[in-house]
Amino acid sequence: MKDLNSVLLEGEIARRPRRVKRPQENPYYLLRIKSVSPIQGESDPPDEQTRVSHYSVELSPAFAEKLLGQLTEGTRIRVIGKLKIRGKTVRIQSEHAEVRPPRVSAA
């Protein structure tokens, strides 16, 4: 049976993407995504605590350069990709991404 290695990540862009070029590797863009999820508490009423996680996502230069103007802090994004190990870090290598406009806060 083939191992599954798919990741679906939804969150907000925490930092503008930066171009990375290393010897003997193709260039790519590195994007930081912040994902906020509620923590389920057992108290009554439930706690309203949240957990914030940050993930590193690699984008292909063609995709990142095409959407560079939209990839700003606070923009919502959904990434589908695969886990990739680089040295001692694990990153997500994007295969597909959807960019959504930032949330508008109610006044």
**OP:** Look only at the side chain of Asn5 and the backbone of Lys82, and say whether a donor-acceptor pair between them is shorter than 3.5 Å.
**Re:** no
Subject >> Main-chain N/O of Val36 paired with Thr50 side-chain donor or acceptor, under 3.5 Å >> reply: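 Pair absent, no side-chain N/O of Thr50 close to backbone of Val36.
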**OP:** List the steps and the verdict of side-chain contact (heavy atoms from CB on, under 4.5 Å) for Ile80 and Val7.
**Re:** CA-CA 6 Å; Ile80 299 170; Val7 175; over 6 Å; no
I'd like to check [X] versus [Y] (side-chain heavy atoms, cut-off strictly below 4.5 Å). Are they in contact?
{"X": "Leu59", "Y": "Leu30", "value": "no"}
{"X": "Arg32", "Y": "Ser56", "value": "yes"}
{"X": "Ile77", "Y": "Thr75", "value": "no"}

Do [X] and [Y] belong to the same hydrophobic cluster, where Ile, Leu, Val, Met, Phe, Trp and Tyr are linked whenever their side-chain heavy atoms lie under 4.5 Å apart, directly or via other members?
{"X": "Val52", "Y": "Leu9", "answer": "no"}
{"X": "Val99", "Y": "Ile13", "answer": "yes"}
{"X": "Val79", "Y": "Leu8", "answer": "no"}
{"X": "Ile92", "Y": "Phe63", "answer": "yes"}
{"X": "Val20", "Y": "Leu67", "answer": "no"}

Any chance you could measure [X], atom [atom1], to [Y], atom [atom2], to the nearest 0.5 Å?
{"X": "Leu31", "Y": "Arg15", "atom1": "CG", "atom2": "CZ", "value": "9.5 Å"}
{"X": "Gln93", "Y": "Lys84", "atom1": "CD", "atom2": "NZ", "value": "4.0 Å"}
{"X": "Glu73", "Y": "Lys34", "atom1": "CD", "atom2": "NZ", "value": "9.0 Å"}

**OP:** Could you walk me through whether Arg91 and Tyr28 pass side-chain contact (heavy atoms from CB on, under 4.5 Å), step by step?
**Re:** CA-CA 12 Å; Arg91 294 191 178 146; Tyr28 60 91; 3.2 Å; yes
**OP:** Looking only at non-hydrogen atoms, find the nearest pair between Glu10 and Ser35 and report the distance.
**Re:** O-OG, 3.4 Å
Subject >> Minimal non-hydrogen separation, Ser60 against Ser94, with atom names >> reply: N-OG, 4.5 Å
Original post:
Only one of Arg16, Glu58, Glu65, Arg18 forms a side chain to side chain donor-acceptor pair (under 3.5 Å) with Tyr29, so which one is it?
Top reply: Glu65
Original post:
Would you call Glu98 and Arg78 a salt bridge, taking side-chain N to carboxylate O under 4.0 Å as the test?
Top reply: yes
